[in-house]
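Below is one structure, written out as structure tokens, with a few remarks after it.
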Protein chains: 2
Amino acid sequence: MITNNKNRGSIERITCQKEIILDYLKSVKTHPSAELIFREVRKKLPRISQGTVYRILNNLKNKDKVKAISVGGITHFDGDVSSHAHFICQECHNIYDIFDICQECQIIKEQKLKVGKIKNYQIYFYGYCKKCRAKMPRLPKKDSNRK
Amino acid sequence: MITNNKNRGSIERITCQKEIILDYLKSVKTHPSAELIFREVRKKLPRISQGTVYRILNNLKNKDKVKAISVGGITHFDGDVSSHAHFICQECHNIYDIFDICQECQIIKEQKLKVGKIKNYQIYFYGYCKKCRAKMPRLPKKDSNRK
DNA sequence: TTTATTATTAGTAATCATTATTATTTAAAT
DNA sequence: ATTTAAATAATAATGATTACTAATAATAAA
Ligand SMILES: [Mn+2]
Ligand SMILES: [Mn+2]
Ligand SMILES: [Zn+2]
Ligand SMILES: [Zn+2]
């Protein structure tokens with residue numbers, strides 16, 4: 001029999017795994033990795049698997065309910081999809097929000113016209129955060145081979 | 001016997017592996033991954049190993065002779081360290097240069113004052129490049145689970 | 001030039017994040 | 001209640017990157 005489902009294709013089911021992951025991401029102000037999300041969510045859902053976390057995070061990303069931030073080969077997730085930039089500390093690797101960026105900066109507007117269909121953009125600032133700079137006696141050496 | 005080497009610590013040796021990798025990165029206008037660099041450089045140095053390529057790329061990055069661009073979990077490298085942004089195609093995953101960004105945009109200047117020591121920044125634009133848009137019959141579907 | 005020192009390399013094994021697979025469970029439509 | 005396929009848990013596999021180690025080679029010292 002032909003389904004009368006309005007939205008053709010697959011139907012999306014509401015599961016507690018999905019809700020708890022999204023709730024967690026919206027509750028924190030940090031930018032956790034899939035691995036950390038897995039560890040945290042497992043406190044509420046002890047039987048959840050890593051694969052489920054990765055798959056749900058991918059779904060949420062594809063539905064624009066979360067944003068993915070790739071830092072040093074590791075994907076971090078942001079439950080805040082509002083327009084903002086990020087500051088990445090090169091020492092502790094924490095990711096901080098920068099909200100006071102002009103919402104639609106001139107360069108963004110210009111690029112949207114020039115290159116064509118720009119769906120979105122990301123701005124990353126790199127440096128050493130206040131906490132880390134407080135701990136540093138001097139400027140850190142450059143040639144460490146640490147990733 | 002005590003060495004009279006001026007710069008304390010390890011001395012950097014010039015090797016052809018190092019030179020050929022850097023030359024290759026400076027010769028191309030693309031943004032190759034370590035794996036592609038390995039395949040290309042092996043044409044000139046058939047005995048070079050993957051580990052060497054990764055290590056040298058890390059060295060060059062730490063010496064600010066190349067830039068690293070993390071896209072979808074894969075690190076790409078840029079032999080052009082001048083200030084420019086990138087456009088990443090969500091279909092073919094190619095990385096294009098955007099040079100006509102204002103060198104020291106206002107938002108950057110503001111942030112440098114607010115957050116503190118900002119060493120550098122990166123701006124990524126996402127969308128579908130001209131080539132890929134030409135091939136598309138319609139706008140691509142959203143909910144593909146492809147990474 | 002010859003020898004000594006040690007950074008660098010080649011080859012390979014190991015690690016880590018992420019994805020694929022598959023049998024089972026379960027939300028929701030009928 | 002029965003049916004159907006989306007979603008899950010558990011686990012295996014993959015792929016990028018790093019670690020290890022013995023051999024090599026660039027530079028310094030003799
Ligand atoms: Mn954020
Ligand atoms: Mn570039
Ligand atoms: Zn820090
Ligand atoms: Zn493209």
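In what follows, chains are A, B, ... by sequence order, proteins preceding strands, each numbered from 1.
- For A:R13, counting side-chain heavy atoms from C-beta on, the closest listed nucleotide (C:dT18, C:dT8, D:dA5) is D:dA5.
- Across all their heavy atoms, B:H31 and B:K29 have their closest contact at CE1-O, 3.8 Å.
- Backbone-only engagement by A:R47 is indicated by non-hydrogen atom pairs under 4.0 Å involving sugar-phosphate atoms exclusively.
- Heavy-atom neighbours of A:K26 NZ from other residues, nucleotides or ligands within 6.0 Å: above the threshold of 12.
- With sequence neighbours left out, the salt bridge (Lys or Arg N to Asp or Glu O under 4.0 Å) criterion links A:R39 to A:E35.
- Smallest separation of non-hydrogen atoms from A:I98 and A:H84: O-CB, 3.4 Å.
- In this pair, B:Y96 and B:F87 present their aromatic rings tilted. The plane angle is within the 30 to 60° band.
- Set against C:dA10, D:dT8, D:dA26, the side chain of A:I56 has D:dT8 as its closest nucleotide.
- Among the nucleotides C:dT19, D:dT17, D:dA26, the one closest to the side chain of A:N58 is C:dT19.
- Between the side chain of B:R55 and the base of D:dT18, no donor-acceptor pair under 3.5 Å is found.
- Across every non-hydrogen atom of A:D78 and A:H86, the tightest pair is OD2-NE2, 3.0 Å.
- Along DNA chain C, the nucleotide closest to B:L45 and the one closest to A:I14 are compared, and the more 5′ of them pairs with B:L45.
- A salt bridge does not link B:K135 with B:E91: none of the charged nitrogens is closer than 4.0 Å to a carboxylate oxygen.
- A:Y54 has no side-chain polar atom (N or O) that falls below the 4.0 Å cut-off from OP1 or OP2 of C:dT19.
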query = What dot-bracket string describes DNA chain C from 5' to 3', counting Watson-Crick and G-U wobble pairs whose defining distances are under 3.5 Å, with [ ] for crossing pairs and | for pairs to another strand?
reply = ||||||||||||||||||||||||||||||
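- For the OP1/OP2 pair of D:dT8 and a distance below 4.0 Å, the side-chain nitrogens and oxygens of A:T52 include no atom meeting the criterion.
- With distances taken from any side-chain atom of A:E12 to the nucleotides D:dA26, D:dT18, D:dA7, the minimum falls on D:dA7.
- Put simply, B:T75 has a side-chain N or O that comes within less than 4.0 Å of OP1 or OP2 on D:dT17.
- Distances shown here put a side-chain N or O of B:Q17 below 4.0 Å from the OP1 or OP2 atom of C:dA10.
- Residue B:S49 has its side chain nearest to C:dA10 when only D:dA7, D:dT17, C:dA10 are considered.
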